[in-house]
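Every value quoted in this text rests on a predicted model; they were computed, and no experiment measured them. Along the sequence shown, residues are numbered consecutively beginning with 1.
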Amino acid sequence: LISIFTSSFLSTAPAQAQIIHAGQACVVKEDNISERVYTIREGDTLVLQCLITGHPRPQVRWTKTAGSASDKFQETSVLNETLRIEKIQRLQGGRYYCKAENGVGVPAIKSIRVDVQYLDEPVLTVHQTISDVRGSFYQEKTVFLRCTVNSNPPARFIWKRGAETLSHSQDNGVDIYEPLYTQGETKVLKLKNLRPQDYASYTCQVSVRNVCSIPDKAITFQLTNTTAPPALKLSVNETLVVNPGDNITMQCSLIGGDPQPEVVWSHSPGPMPPNSLVQGGNLTIWRIRVEDSGYYNCTAINNVGNPAKKVVNLLVRSMKNATFQITPDVIKESETIQLGQDLKLSCHVDAVPQEKVVYSWYKNGKPARFSDRLLITRNDPELPPVTCSLEIIDLRFSDYGTYLCVATFQGASIPDLSVEVNISSETVPPTISVPKGQSSITVREGSRAELQCEVRGKPKPPIIWSRVDKETPMPSGTMTMETYDGKLHLESVSREMSGTYKCQTARYNGFNIRPREALVQLNVQFPPVVEPAFQDVRQGTGHSVTLRCTMLKGSPMKVATSVWRFNGSLLAQPLAEQQDYSELKVDSVSRETSGSYECSISNDVGVSACLFQVSAKAYSPEFYYDTPNPTLSQKQSKNYSYVLQWTQKEPDAVDPILKYRLEVRQV
């Protein structure tokens with residue numbers, strides 16, 4: 001016989017919560033301060049459930065605080081009654097909170113602390129010291145074996161020589177202690193005044209006492225009278241300069257170390273180049289490229305002493321970006337070329353190695369003749385490093401002509417780079433302007449845009465484009481873009497590209513003076529973004545309800561037209577549209593006026609819609625599943641009872657509930 005007692009919450013009740021676990025817990029216990037602790041092994045699955053009661057049905061949110069002050073917040077909030085974390089990691093340990101809230105009374109908050117257990121592989125390193133004793137009559141050798149491990153809970157260390165467990169009390173020649181200021185858990189075995197029997201096999205065994213079934217781990221080291229840290233020797237200089245296309249081999253040889261060290265090559269920045277091969281201590285790079293430049297690190301490790309390291313700074317010769325600058329008389333703050341004033345012509349290339357570049361100057365095809373009026377400066381403090389300048393004192397008509405600067409790597413097979421600049425009465429500084437009707441450009445999202453600035457002057461410098469109103473990169477990903485024709489081409493523009501763009505003259509390949517600049521406005525039109533995308537509207541019969549579709553974003557930001565439909569049929573248009581929304585009033589909610597309402601808003605660029613589902617029906621009841629097991633009510637007759645509970649969302653949104661009907665189906 002099964003009797004069913006039913007109850008429903010027709011009046012409001014505050015939220016209540018309880019946390020239960022359903023995952024791979026090692027143990028769940030209560031601390032002395034009534035703190036619930038959930039212990040789990042790293043890599044297992046965490047499952048926590050928050051059982052709730054209350055009317056209306058509470059909303060549940062899971063949040064987490066970090067396990068320690070140094071941990072960063074790892075998880076976002078979880079809006080679900082069940083919190084599940086697959087393959088939990090140590091940083092995900094900490095206190096988890098379940099917050100249940102339904103607007104009645106104060107929210108219910110329960111917490112549980114998750115303790116993630118783990119034991120890493122131990123690391124054993126060896127350090128040796130030799131000191132003089134009694135006036136240098138003999139030397140004393142001391143060896144430190146250092147064992148480090150990361151674990152939770154803290155690990156227990158056991159030191160063994162062969163099969164024998166070591167301790168202070170049984171052997172005066174050993175000392176076991178924990179050093180200060182170390183990361184992780186560390187124990188040091190000190191072998192004082194090394195004896196013949198100390199040359200043996202040593203094992204560091206770590207244990208967390210089988211918590212969460214985590215087995216013990218161990219590491220062994222064989223100490224001999226030849227034990228020594230690694231030592232390295234390089235076959236090349238620490239700075240190596242090569243030509244592109246060369247094949248090179250760098251040999252990193254072991255000249256010491258016992259046990260046999262492991263030699264590893266690495267590259268920074270970035271990984272090893274794909275055209276490289278490591279064989280033992282030899283690193284070979286074929287057909288070397290400019291992008292293969294960088295620091296190549298050869299490291300030898302055998303866990304004795306400190307790792308040995310050698311670094312090669314590999315420079316691949318290259319020259320690019322030859323530029324020039326025309327600097328009028330700086331003392332007189334001039335921005336034009338004038339006879340009787342000083343004039344400086346500067347030449348620069350981006351090169352590796354930069355200091356090896358040799359510059360040569362020519363005038364009208366012949367080597368420039370240097371004099372008291374024609375000076376050469378290699379490192380001008382006012383210009384980029386290793387810039388060569390030709391300075392003309394007291395400019396004369398005879399100084400007019402075509403000047404050529406040639407940059408060379410002497411003795412290398414790198415092509416020369418040159419740049420030419422013409423000095424005459426027609427050489428004038430630049431001006432910049434925006435063509436008529438081009439100061440404001442309006443395009444639709446996804447189309448192509450062209451921003452234009454006109455530059456006049458001789459020579460015409462490049463134009464540097466940047467954004468004025470936003471700290472965001474240009475479409476190329478850089479903060480600036482360079483064009484030579486003054487036109488900035490933007491493909492498939494997006495709404496984020498809207499704003500003010502600045503064009504300005506570069507200070508290279510032209511006059512080295514204050515940049516000239518102008519502004520261009522880009523307006524990107526895009527369809528409206530509306531809210532709500534969907535809204536479930538409940539209202540009692542006979543009551544009115546107002547539906548509003550609001551334009552959140554759009555360009556232009558104005559409702560041009562709005563169309564309302566009810567169950568797909570066109571409705572009479574509402575009153576005059578507002579700037580950014582459209583409204584429809586349903587005077588009386590009834591069976592006939594319940595259904596789907598759609599508002600389509602246009603801003604002449606595109607259309608977006610809000611959807612409303614209007615109903616006088618109550619929300620469907622929801623069962624609680626926190627009492628799933630039957631309760632024995634009468635032992636003699638073996639009667640069992642279930643307590644079935646349910647609640648409802650927003651019970652006051654519609655007319656009062658008159659009755660519930662409970663259907664029972666036997667299976």
Do the side chain of [X] and the main chain of [Y] share a donor and acceptor less than 3.5 angstrom apart?
{"X": "Asn509", "Y": "Phe324", "value": "yes"}
{"X": "Trp159", "Y": "Ser167", "value": "no"}
{"X": "Gln325", "Y": "Arg507", "value": "yes"}
{"X": "Thr478", "Y": "Thr480", "value": "yes"}
{"X": "Asn152", "Y": "Val116", "value": "yes"}
{"X": "Gln89", "Y": "Lys87", "value": "yes"}
{"X": "Thr224", "Y": "Thr226", "value": "yes"}
{"X": "Tyr359", "Y": "Ser389", "value": "no"}
{"X": "Gln59", "Y": "Lys99", "value": "no"}

Any side-chain heavy atom of [X] sitting closer than 4.5 Å to one from [Y]?
{"X": "Ile214", "Y": "Arg41", "answer": "yes"}
{"X": "Thr227", "Y": "Phe221", "answer": "yes"}
{"X": "Val126", "Y": "Asn303", "answer": "no"}
{"X": "Phe409", "Y": "Val357", "answer": "yes"}
{"X": "Met474", "Y": "Leu488", "answer": "yes"}
{"X": "Ile176", "Y": "Val188", "answer": "no"}
{"X": "Ile112", "Y": "Val37", "answer": "no"}
{"X": "Ile288", "Y": "Leu314", "answer": "yes"}

Of Glu185, Arg156, Gln117, the residue whose pairing with Ser151 passes side-chain hydrogen bond (donor to acceptor under 3.5 Å, both in side chains):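 One option only clears the test, and that one is Glu185.
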
Sequence neighbours excluded - disulfide bond (SG atoms under 2.5 Å apart) pairs with any residue from residues 247-281: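 Sorted pair list: Cys252-Cys298.
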
Val47/Thr82 under side chain to side chain contact (heavy atoms under 4.5 Å, CB included): CA gap, chis, key distance, verdict: CA-CA 7 Å; Val47 180; Thr82 300; 4.0 Å; yes

Polar side chain donor-acceptor pair, Lys110 to Gln18, under 3.5 angstrom: no

Modelled atom types, side-chain donor and acceptor of Gln205 and Thr203, under 3.5 Å: no

What residues form a salt bridge (Lys or Arg N to Asp or Glu O under 4.0 Å) with [X], not counting sequence neighbours?
{"X": "Asp171", "answer": "Arg161, Arg195"}
{"X": "Glu86", "answer": "Arg84"}
{"X": "Glu291", "answer": "Arg289"}
{"X": "Glu262", "answer": "none"}

Least distance between heavy atoms, [X] atom then [Y] atom:
{"X": "Tyr97", "Y": "Ile109", "result": "CD2-CG2, 3.9 Å"}
{"X": "Pro461", "Y": "Ala506", "result": "CB-O, 3.8 Å"}
{"X": "Tyr96", "Y": "Ile19", "result": "O-CD1, 4.5 Å"}
{"X": "Leu119", "Y": "Pro215", "result": "CD2-O, 3.5 Å"}
{"X": "Ser418", "Y": "Leu404", "result": "CB-CD1, 3.9 Å"}
{"X": "Met479", "Y": "Thr472", "result": "CE-O, 3.7 Å"}

Candidate pair Leu191 and Leu189, rule side chain to side chain contact (heavy atoms under 4.5 Å, CB included), full reasoning: CA-CA 7 Å; Leu191 305 176; Leu189 172 63; 4.2 Å; yes

Thiol sulfurs of Cys347 and Cys405 closer than 2.5 Å: yes

Selection residues 267-302 - residue pairs positive for ring-ring contact (aromatic ring centres under 6.0 Å, His included), sequence neighbours left out: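 Found His267-Tyr296.
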
By ring-ring contact (aromatic ring centres under 6.0 Å, His included) - contacts of His489 (at least two apart):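 ring-ring contact (aromatic ring centres under 6.0 Å, His included) list for His489, sorted by chain: empty.
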
Contacts under 3.5 angstrom, residues 237-248 side chains, donor-acceptor by atom type, not counting sequence neighbours:
residue: Asn243; atom: OD1; partner: Arg317; partner atom: NH1; Å: 2.8
residue: Asp246; atom: OD2; partner: Asn243; partner atom: N; Å: 3.1
residue: Asn247; atom: OD1; partner: Arg287; partner atom: N; Å: 2.7

Enclosure of Asn172 CG (heavy-atom neighbours >12, cutoff 6.0 Å): no

Glu355 CD: over 12 foreign heavy atoms closer than 6.0 Å: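 Check passes, neighbour count above 12.
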
Qualifying residues under side-chain hydrogen bond (donor to acceptor under 3.5 Å, both in side chains), relative to Ser213, sequence neighbours excluded: none

Ser360: side-chain hydrogen bond (donor to acceptor under 3.5 Å, both in side chains) partners, not counting sequence neighbours: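 Scan of Ser360 (side-chain hydrogen bond (donor to acceptor under 3.5 Å, both in side chains), adjacent residues dropped) gives none.
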
Separation between CD1 of Ile52 and SG of Cys98, rounded to the nearest 0.5 Å: 7.5 Å

From Asn512 atom CG to Leu345 atom CG, the distance as rounded to the nearest 0.5 Å: 11.5 Å

Qualifying residues under side chain to side chain contact (heavy atoms under 4.5 Å, CB included), relative to Val290, sequence neighbours excluded: Val316, Ser318

Pairs where residues 205-226 contributes a residue and the test salt bridge (Lys or Arg N to Asp or Glu O under 4.0 Å) is met, not counting sequence neighbours: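 Matches after skipping sequence neighbours: Glu121-Lys217.
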
N-O pairing of Asp198 and Lys141 below 4.0 Å: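 No, Asp198 and Lys141 are not salt-bridged.
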
Val264/Ile301 under side chain to side chain contact (heavy atoms under 4.5 Å, CB included): CA gap, chis, key distance, verdict: CA-CA 8 Å; Val264 178; Ile301 301 173; over 6 Å; no

Candidate pair Ile85 and Val114, rule side chain to side chain contact (heavy atoms under 4.5 Å, CB included), full reasoning: CA-CA 12 Å; Ile85 301 178; Val114 175; over 6 Å; no

